[in-house]
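What follows is a single structure, written as structure tokens, with notes after it.
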Number of protein chains: 2
Amino acid sequence: MSKKITIADVANQAGVSKSTISQYLNNRFEYMGEETRSRIKKAISDLEYQPNVVARSLKKKSTSTIGVIVANILHAFSTQVIRSIENVCNENGFSTIICNADDNPEKEKKYIETLLAKQVDGLIVVPISGNSDTYEKLLNQDFPIVFLDRLVDGLNTDTVLLNNGKASELAVNHLLENGYEKIAIVTTSLIDNVTPRVERINGYIKALEENNISVRTDYIKGMELSKIPQGLNELFSLDEKPDAIVSGNDLTLMEILKYSFEHQIRIGKEIGLITIDEVSFGPIHSPPLTTIAQPTFEMGKEVATILLNKIRDKNAKQDPAVHRYEPRLIVRKSTKKEGAGNE
Amino acid sequence: MSKKITIADVANQAGVSKSTISQYLNNRFEYMGEETRSRIKKAISDLEYQPNVVARSLKKKSTSTIGVIVANILHAFSTQVIRSIENVCNENGFSTIICNADDNPEKEKKYIETLLAKQVDGLIVVPISGNSDTYEKLLNQDFPIVFLDRLVDGLNTDTVLLNNGKASELAVNHLLENGYEKIAIVTTSLIDNVTPRVERINGYIKALEENNISVRTDYIKGMELSKIPQGLNELFSLDEKPDAIVSGNDLTLMEILKYSFEHQIRIGKEIGLITIDEVSFGPIHSPPLTTIAQPTFEMGKEVATILLNKIRDKNAKQDPAVHRYEPRLIVRKSTKKEGAGNE
DNA sequence: CTGAAAGCGCTTACAG
DNA sequence: CTGAAAGCGCTTACAG
């Protein structure tokens, strides 16, 4: 590789000092002579000079880079929010390093350490239970960090997430309005008290109670993805089978669709189905799927904006807030009893 | 934020020089006294010292970071390959910065510049026609770079991509074997000569010719995503409508499924459908979709491995090669005439 | 076996 | 209006 051009080469070429080049690069033209300016400009383009961001970062103690750690990149939610975060960062001259922790606290901790060693200016994280200590240390140091999608017990920091309770209330009420009466909910494992899962279950319970429907614990399935087929088996073996299911997220949805496909269960007619998280094939599924969408774009924008603000004025410490976003019901045929079948 | 601990602090605490700490950090224990070693170890953990990677990178002139620029992150192919690249990089202590160029050459060029300014050690790129000059310059400088998914005319560099011709041959032959005779192909715009699209069309033509079926240009639709509904309209308005469609990729597939859903065209029976690129809902679609899968995991692994090797021995210059991967046919019901309908 | 010194490529007071 | 000097936090010959 040809030798890298540095600021010293440009200084030589233009016949000025390194300092002056640096002023030029940082747009500090106040006192710079018109002629100096154009000489520098020419030297830079002649040499095809590209500043070394690493050196600048070392000196400035800021890298214009943030880290984003998601718990599970397989959720469509993650990828959508990430795209939105990247947009905001790009517009503001920031880079993003994306990490997927696979819901593994060890892995997440290692990522946090790596990102800090890389001197990222801030962190957006979908926190994983078990790393409270790490987060707390960062917060105590006033390191800029914003949580996404999940709250952490006892930690008071800015968090952007869905109004999850509302999401399942919308789901349950919609099902009830469409004549379903025995509503089950299926979601991923509850053992770690992951915020959206817990809140969605609670919203489901609340909605049933408000409608004076008794809550059956055997209608509530919170389990690992791989166990969901078994959970569905249990559900469909009950004396009183449910007539509708609320799917907790897009990954559980796939399990439910697979199961009902394999067992020839006609969605809509035999079992109403509504899922939280919009999916690409929602509109073209047979029958089209009624979903509760999250405003992922806005949420990504918000979480990035909050973080960038924190990074910019470290002093302007506002009280951390929880930012809730409203879910949106998209009605399609999977929750219409008469709408079952292929067309 | 509390003051950052540096190597100097550790040196003080341990009562040795900075050099010695650095030796320790770089695992150069050859001549280090056992006692010095344990004193340093203690100092590091007492102070919770974290090395500053930016400083190290500046000195070492290497960041252990690579850039990945994909043309369009919306393709499932991109996200899958990226995950695989990240796995390999992680295992090797490398970080990845992902950029989405949105098939926009300007945007891509800017990303390349930013990544170079950040001193990435190498680049994986899904090249976009129009930036040949940029790639060429990098190649001439022996900057480590590997192409993915697309070839660039006149540039000789390592490239990992599908055997695209084979993919459409598999598709066409499978359709013919299942009794379809009037086979159309629909893919995204051909104006930029994007490798997979062109090669897939060519494979389609070749397969038809080998079966002595005349190629009809009005059965070949290569157009922007937004124009595809119109293209499908044209296709279905022909006197001799096609009885089967090869979908060029996952995004065109969505358009075709939307169209056939809206127009109540029964897939399988009225129109056979096979798509290149496996999709998550392939198995649970009605009818399940016959697809041609790419070995995205292996391809990502290969492209990352090639790049990391290039980065490690800059000298060991081998001749660049084109690495083709074989597509795999997954037969489901969307290409069975009798298999149409909901179950 | 360990330390002093130089230097990676920048930026930023400060002097003039 | 511009330049000399110090320094960001490391690493690496080299000396001892």
Separation of atom [atom1] in [X] from atom [atom2] in [N], rounded to whole Å:
| X | N | atom1 | atom2 | result |
| --- | --- | --- | --- | --- |
| A:Tyr24 | D:dT2 | OH | P | 13 Å |
| A:Glu34 | D:dT2 | CD | P | 11 Å |
| B:Leu58 | D:dC8 | CG | P | 13 Å |
| A:Ile40 | D:dC1 | CD1 | P | 13 Å |
| B:Asp9 | D:dC8 | CG | C1' | 13 Å |
| B:Ile21 | C:dA4 | CD1 | P | 13 Å |
| B:Ile7 | D:dC8 | CD1 | C1' | 13 Å |
| B:Arg39 | C:dC1 | CZ | P | 14 Å |

For A:Thr36, report the nucleic acid contact type (base, sugar-phosphate, nothing); a contact means any heavy atom under 4.0 Å.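 Sugar-phosphate only.
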Establish, from distance only, whether the side-chain atoms of A:Tyr111 and B:Asn90 form a donor-acceptor pair under 3.5 Å.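 On atom types as modelled, these side chains qualify, holding a pair under 3.5 Å.
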Paired with C:dA13: which nucleotide, if any, by Watson-Crick or G-U wobble criteria at under 3.5 Å for both distances?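 Check on C:dA13: unpaired, no WC or wobble geometry under 3.5 Å.
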Nucleotide opposite C:dA4 in a Watson-Crick or G-U pair, distances under 3.5 Å: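 Its partner is none (no Watson-Crick or G-U wobble pair with both distances under 3.5 Å).
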Using heavy atoms to find the nearest nucleotide of DNA chain C for B:Thr20 and A:Lys59 separately, return the residue whose nucleotide is more 5′.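 Its nearest nucleotide lies further toward 5', so the answer is B:Thr20.
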Between B:Lys60 and B:Ser17, who's closer to the 5' end of DNA chain C by nearest nucleotide?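 The residue mapped nearer the 5' terminus is B:Ser17.
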If the threshold is 4.0 Å, N to carboxylate O, is there a salt bridge linking A:Asp102 and A:Lys110?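 Salt bridge flag = no for A:Lys110 with A:Asp102.
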Hey, are B:Glu35 and B:Arg39 close enough for a salt bridge, meaning a charged N less than 4.0 Å from a carboxylate O?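 Yes, this pair counts.
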Considering non-hydrogen atoms only, spot the tightest contact between A:Gly93 and A:Ser64 and give its length.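 That closest heavy-atom pairing would be O-CB, 3.7 Å.
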